[in-house]
Number of protein chains: 2
Amino acid sequence: MSLDWQQLNQEVTALLKEARQRVLEKMQAPLTVDEKTGRKDLVTNVDKGNEQFLITGIRRIDPEAKVLGEEGFGDHLTDVKGRVWIVDPIDGTMNFVKQQDNFAIMIGIYQDGVGQLGYVYDVMNDALYHGGPQLDGVWANQELIAAPANLALRDGLIGASGPLVIHDVAHMQAIIHASAGMRIYGSAGIEMINVMRGKTLGYISHLKPWDFAAGQVLLNTLGVRVSTIDGQPLNMLSSNLVLVATEKAQRDILQIEEDDVSL
Amino acid sequence: MSLDWQQLNQEVTALLKEARQRVLEKMQAPLTVDEKTGRKDLVTNVDKGNEQFLITGIRRIDPEAKVLGEEGFGDHLTDVKGRVWIVDPIDGTMNFVKQQDNFAIMIGIYQDGVGQLGYVYDVMNDALYHGGPQLDGVWANQELIAAPANLALRDGLIGASGPLVIHDVAHMQAIIHASAGMRIYGSAGIEMINVMRGKTLGYISHLKPWDFAAGQVLLNTLGVRVSTIDGQPLNMLSSNLVLVATEKAQRDILQIEEDDVSL
């Protein structure tokens, strides 16, 4: 079956806009917040409800596809053959709970493990980043966005995850020291938007497939590298220590890893 | 002389709006960027030009006052007697240079060392936070804002400065561990706006008077504590290791300092 990707894009966009409205409405009532692995790993009624809503919509749009969702309402995948939709109903749940801001709804669409379309929706700013090879570009709502400048590590800011910095995993502190400074925004989706916009030149964090699937498609389309911290392709079915970086900054960071530099 | 604070507020607001327009216009041309103490401590032609513009305006509005400015175009102060205006023409210069976003123009007005009015202007969002005891409240543009919830440390996110985290100054890592997580936004003004908005419950950083003067007035007006990391009043003429926190979180953090807890 050959897909009409333009048509599919319109349907996904409509689905996400409806999902956003529902999330905004649910934010008017108190959230039900539960801990997953601990008090810093949260899930709410909105994460769960939104995943169910999105998966129902995806089944309607693309009944043949498999769906991988953060909260477990999708399929159990053992491989990435065929068309796979990867869904994060609320990325940055801690921000969602504590800030009611700086979180994203994300969908990545892959074919045999290759990214086709990505959607990262900054809910509170109503900014839907979407695109990929099937659309020949990346848009912020209606605006086609340009590739960020190919900055070297020393010339830009880098996004990070707090625990990696504190425990100095994978020479994080040396990488930050070599950059112009670190920023921490608390949501993979928001961090990846910042890279697309050239506000940071990269981002390093331990991420699950639903955290990086959508952003990887968009970033690659803009020429930004997404790999493991060792420069290898990401495993789409497990956790990865993810390095997002401009081409030059990726080279600089891989060199720090190779040299095994500590601060 | 008794001041008409309402009148003065209107004049300062008009001055800041004009300053913002000038900054936005200058951002259309390439910046001239110089290093101050090193490659991570920058100053631009816009910092300098805006401080000169602001100080000229302040001299017109309040000719009797003393002015302390980050870039040195004000007076040399040896005490804080009388009325003192403290000016940061561009707070978050690294963000200004690298992101063209997430920076602030700030003015604090003090009388004999006591805060009277504060102005923190988020330039790119056109959001002017202003107020203080002389206005009986804090406004974001025309909107009177409510005091943030008095959260305990474990119940909220905390803003931090990167170097303090990496070098674990003043038990930063234990404080972060005890919180719900850290965020790093890279501008004292933007961090303080986040505390006013309840998006973070506090902020810890090494700051100069122009970095905290305006925010301190606004935060105190909202019941948020601003002190040294030991709970002492800030020295208005020197650097301080500044702790901004809700009343409960301040108590929690001072206890960590007292217990001398390390991770």
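So that the names make sense, note that chain A is the first sequence line, chain B the second, and so on, each numbered from 1. Heavy-atom basis, side chains included; hydrogens, waters and symmetry copies ignored. Note that this is a predicted model, so its numbers are computed, not measured.
Proximity to chain A involves both the backbone and the side chain of B/Ile176, based on heavy atoms less than 4.5 angstrom apart. The contact between B/Arg183 and chain A is made by backbone and side chain atoms together, counting heavy-atom distances below 4.5 Å. For B/Ser179, the part lying near chain A is the backbone, with the side chain staying farther off; criterion is any non-hydrogen pair under 4.5 Å. Contacts of B/Arg197 with chain A are absent, with no heavy-atom separation under 4.5 Å from either backbone or side chain.
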After noting the C-alpha distance and the side-chain angles of B/Thr200 and A/Lys98, does the key distance pass the side chain to side chain contact (heavy atoms under 4.5 Å, CB included) rule? CA-CA 8 Å; B/Thr200 49; A/Lys98 301 297 182 187; over 6 Å; no

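Other residues, nucleotides and ligands contribute more than 12 heavy atoms inside 6.0 Å of the NZ atom of B/Lys26.
Between A/Asp101 atom CG and B/Asn194 atom CG the span is 8.5 Å, to the nearest 0.5 Å. Atom-to-atom distance recorded for A/Arg154:CZ and B/Lys40:NZ is 9.0 Å, nearest 0.5 angstrom.
Side chains of A/Met182 and B/Ile166 form a contact here, defined as non-hydrogen atoms less than 4.5 Å apart. Between B/Asn95 and A/Leu157 there is a side-chain heavy-atom pair separated by less than 4.5 Å.
Remark: the backbone N or O of A/Asn102 is not paired with any side-chain donor or acceptor of B/Lys199 at under 3.5 angstrom. The main-chain N or O of A/Asp155 is never found under 3.5 Å from a side-chain atom of B/Arg39 such that the two would form a donor-acceptor pair.
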